[in-house]
Amino acid sequence: MTYDFRTTINRLPQGSAKWQQMMDLNPKIEEDVVPYSVADVDLPHPPELIDGLQEYIQEMIFGYTGLTNTYLETVVNWFERHHQWKISPETIVPSPGVVSALFNAVKAYTRIGDSVLIISPVYYPFRNAILKSGRQVLSSPLIERNGEYTIDFTDLENKASQPDVGLLLFCSPHNPVGRVWKKEELEKVDQICRKHNVILVSDEIHFDLILPGHSHTVFSTLSPETSENTIVFTAPSKTFNLAGLQTANVVITNPQLRQAFIDQQSRDGFHMLNCIGPKACEIMYQHGDLWLKEFLSLIEHNRQTFEQYVTQHLPMIKLTPLEGTYLQWFDCRALRMSDEELDDFLIKDCQLILDAGHIFGPEGSGYQRINLACSTEKLQDGLQRLKTAVHQRTSF
């Protein structure tokens, strides 16, 4: 490979939230263990990013800085080249991140006490944005059969038809189960939402991370009518590991919905992005194609490594097919442990810091989520610890 996907950087001295969480959970953890939880990456940045930012900061004044025309044109070009998604620059609304945008959307498009619809299990900030904004969570659980997940369209429509529901928070690709929704699935969701006057927010932060054999459709590209009813959240943060630079691009075609979102951002005190994040996005959207191609190859290799190891050594653990994102969802219920016991076992006995399934909703009980965006060597280290601890504890 052209890029370094083997060197693991110890991010504890850098104040990494993921690494500090690992130390808080298990202060006695061995020195060479890495966390596999939060969705960021401990591998070196590509030189294109480092060199580009170093050149930029030589003359940059770190004052209040808005989005440049070059930045907007670069984002528009990336969307069209990678997703066949043609948008106008004025439809882009900057945000510090998808999580803050979730809060803005809930407050912009619903009232206190309203119900907001989610399809669960799902990325836990969806629930937080609803509940902490004084709204109610209305959940439509995914249907799981033999490890594969589908949407329960009958249940979704029943809940979308309720009079106090005006907003659906949708995850595409889906985190944590890793589904890349087929176009016909998106069309059914769209039909339900527009039939019942439900605005759809589509979190597509992982939309560049699609594995072989699958194809992602940006929700708002389904039709002009769909686009008028849809808000799409995107960011370079997962694609290029830029989460700490806090830059996201929210795309809102409908002028009324766009102004309502901007007004809510203003009420929440948002003014503008930092001056480094947009430049990093611009650099990688201009020069990051090869890095992304190799990064996706790493994820696919690690997916296969994980699947082969578990199939051979831990057959009681069942994997959900990973179609998109770098987050593998897997079923540990055959270990016959409560969620608390399972978390404790993984953290202390296996020295595995993962994301527990139950944080994504009650449907995630007995499951775990592991971040595969790491060196293959570190993934193999973690799998070996899991195998040893499971076989020592059980009769499998």
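Numbers here simply count residues along the sequence, with the first being 1.
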(message) Is it true that D268 and N104 share a donor-acceptor pair across their side chains at a distance under 3.5 Å?
(response) yes
(request) Could you tell me whether the side chains of Q84 and T221 share a donor-acceptor contact shorter than 3.5 Å? (result) no
(message) Ignoring hydrogens and geometry beyond distance, is a side-chain donor-acceptor pair present between T388 and Q384 at under 3.5 Å?
(response) yes
(message) With heavy-atom distances below 4.5 Å as the criterion, would you say the side chains of K318 and F330 are in contact?
(response) no
(message) I'd like to know if the side chain of Q368 pairs up with that of D331 as donor and acceptor (distance under 3.5 Å, no hydrogens or angles considered).
(response) no
(message) I need the minimum non-hydrogen distance between F233 and A101, along with the two atoms involved.
(response) CZ-O, 3.5 Å
(request) Could you please spell out the steps behind the salt bridge (charged side-chain N to carboxylate O under 4.0 Å, His left out) verdict for K159 and D155? (result) CA-CA 6 Å; K159 288 170 178 171; D155 182 71; 3.2 Å; yes
(request) Would you confirm whether E294, through its side chain, and Y3, through its main-chain N or O, come within 3.5 Å as a donor-acceptor pair? (result) yes
(message) If you define the side chain from C-beta out and look only at heavy atoms, does anything of W181 sit under 4.5 Å from T217?
(response) no
(message) Looking at R179 and E148, is any side-chain nitrogen of the basic one under 4.0 Å from a carboxylate oxygen of the acidic one?
(response) no
(request) To the nearest 0.5 angstrom, please state how far the CG atom of L117 sits from the CG atom of L138. (result) 5.5 Å
(request) Spell out, as yes or no, whether a donor-acceptor pair under 3.5 Å connects the side chain of S88 to the backbone of T91. (result) no
(message) Working note: Q312 + Q308, criterion side-chain hydrogen bond (donor to acceptor under 3.5 Å, both in side chains); need CA distance, chi angles, decisive distance, verdict.
(response) CA-CA 6 Å; Q312 181 177 355; Q308 292 166 3; over 6 Å; no
(message) Hydrophobic clustering (ILVMFWY, side-chain heavy atoms < 4.5 Å, transitive) - are L242 and L67 grouped together?
(response) yes
(message) Does either side chain, that of E228 or that of T253, offer a donor lying less than 3.5 Å from an acceptor on the other one?
(response) no
(request) Examine the side chains of Y71 and N249 and answer whether a donor and an acceptor come within less than 3.5 Å of each other. (result) yes
(request) State whether a side-chain donor-acceptor pair under 3.5 Å links E73 with N77. (result) no
(request) Please check if the side chain of S16 supplies one atom and the backbone of L12 the other of a donor-acceptor pair under 3.5 Å. (result) no
(request) Report yes if some heavy atom in the side chain of Y326 is under 4.5 Å from a heavy atom in the side chain of N371; otherwise report no. (result) yes
(request) Give the cluster check for L168 versus F126: same hydrophobic cluster or not, with ILVMFWY residues linked at side-chain heavy-atom distances below 4.5 Å. (result) no
(message) Side chains of F240 and L49, heavy atoms from C-beta outward: is any pair under 4.5 Å?
(response) no
(request) Return the minimal non-hydrogen interatomic distance between W291 and T239, and the atom names on each side. (result) CZ3-O, 3.0 Å
(request) Supply the atom-to-atom distance I151 CD1 to L142 CG, rounded to the nearest 0.5 angstrom. (result) 6.5 Å
(request) Starting from the C-alpha separation in whole Å, work towards a yes-or-no answer on salt bridge (charged side-chain N to carboxylate O under 4.0 Å, His left out) for D381 and R385. (result) CA-CA 6 Å; D381 289 345; R385 292 196 303 276; 5.4 Å; no
(request) May I ask you to check whether T305 and N302 show a side-chain donor-acceptor distance below 3.5 Å? (result) no
(message) Looking at E55, I want to see if its CD is surrounded by more than 12 non-hydrogen atoms of other residues, nucleotides or ligands under 6.0 Å.
(response) no
(message) I'd like to know if R81 pairs up with D289 as an ion pair, taking the criterion as any Lys NZ or Arg NE/NH1/NH2 lying under 4.0 Å from an Asp or Glu carboxylate oxygen.
(response) yes
(request) Can you measure from CG (L273) to OG1 (T247) and round to the nearest 0.5 angstrom? (result) 5.0 Å
(message) Taking the basic N atoms (NZ, or NE/NH1/NH2) and the acidic carboxylate oxygens, is any pair closer than 4.0 Å for R135 and D114?
(response) no
(message) Just by distance, no angles: are the side chains of T8 and D42 close enough, under 3.5 Å, to form a donor-acceptor pair?
(response) no
(request) Apply side-chain hydrogen bond (donor to acceptor under 3.5 Å, both in side chains) to the pair T74 and Q286, showing each step before the final yes or no. (result) CA-CA 7 Å; T74 300; Q286 289 176 344; 3.2 Å; yes
(message) Within the 3.5 Å criterion, strictly below it, is a donor on S120 or E363 matched to an acceptor on the partner's side chain?
(response) yes
(request) Could you tell me whether the side chains of H216 and D208 share a donor-acceptor contact shorter than 3.5 Å? (result) no
(message) So E323 and L211, do their side chains get closer than 4.5 Å, heavy atoms only?
(response) no
(message) Under a 3.5 Å threshold, yes or no: a donor from one side chain and an acceptor from the other, between S202 and S172?
(response) no
(request) Give a yes or no on whether the backbone of G147 and the side-chain of E144 come within a donor-acceptor separation of less than 3.5 Å. (result) yes
(message) Tell me whether the rings of H82 and W78 are parallel (<30°), tilted (30 to 60°) or perpendicular (>60°).
(response) parallel
(message) Between D40 and R11 (salt bridge meaning N to carboxylate O under 4.0 Å), is one present in this structure?
(response) yes
(message) Quick one: does any side-chain atom of Q392 pair with a main-chain N or O of A389 as donor and acceptor, under 3.5 Å?
(response) no
(message) Tell me if a side-chain donor or acceptor on D203 pairs with a main-chain N or O of C171 at a distance below 3.5 Å.
(response) no
(request) May I have the step-by-step check of side-chain hydrogen bond (donor to acceptor under 3.5 Å, both in side chains) for E225 and N229, ending in yes or no? (result) CA-CA 7 Å; E225 295 77 16; N229 191 56; over 6 Å; no
(request) Write down the atom of T320, the atom of Q328, and the distance for their closest heavy-atom approach. (result) O-NE2, 2.7 Å
(request) For the pair Y36 (side chain) and K378 (backbone), establish whether a donor and an acceptor sit closer than 3.5 Å, ignoring hydrogens and angles. (result) yes
(message) Please give me the minimum heavy-atom distance between F79 and V251, naming the atom from each residue.
(response) CE1-CG2, 3.9 Å
(message) Restricting to non-hydrogen atoms, name the atom on Q351 and the atom on K28 that form the minimum distance, rounded to 0.1 Å.
(response) OE1-O, 4.2 Å
(message) To the closest 0.5 Å, what do you measure between CZ (F170) and CG (L200)?
(response) 7.0 Å
(request) State plainly whether the residues E185 and K182 are in salt-bridge range, i.e. N to O under 4.0 Å. (result) no
(message) Keeping K238 on the side-chain end and A39 on the backbone end, is there a donor-acceptor pair under 3.5 Å?
(response) yes
(request) Give a yes or no on this: more than 12 heavy atoms of other residues, nucleotides or ligands lie within 6.0 Å of atom CZ of F62. (result) yes
(message) Between S161 (side chain only) and N158 (backbone N and O only), is there a donor and an acceptor less than 3.5 Å apart?
(response) yes
(request) Take V41 and F295, measure what side chain to side chain contact (heavy atoms under 4.5 Å, CB included) needs, and give me the verdict at the end. (result) CA-CA 11 Å; V41 185; F295 184 51; 4.1 Å; yes
(request) Return the minimal non-hydrogen interatomic distance between T325 and H174, and the atom names on each side. (result) CG2-O, 4.2 Å
(message) Can a donor-acceptor pair be found, under 3.5 Å and without considering hydrogens, that links the side chain of E204 to the backbone of F219?
(response) yes
(message) When you compare the side chain of M22 with that of V33, does any pair of heavy atoms fall below 4.5 Å?
(response) yes
(message) Quick one, L43 and T7 - any side-chain contact, counting heavy atoms below 4.5 Å?
(response) no
(message) Is the shortest side-chain heavy-atom distance between I370 and W329 below 4.5 Å?
(response) no
(message) Between E184 and K188, does any NZ, NE, NH1 or NH2 come within less than 4.0 Å of an OD or OE carboxylate oxygen?
(response) no
(message) Salt bridge or not between R369 and D355? Use side-chain N to carboxylate O under 4.0 Å.
(response) yes
(request) Assess whether salt bridge (charged side-chain N to carboxylate O under 4.0 Å, His left out) is satisfied between K195 and E157, documenting all intermediate values. (result) CA-CA 9 Å; K195 176 182 177 181; E157 179 154 22; 2.9 Å; yes
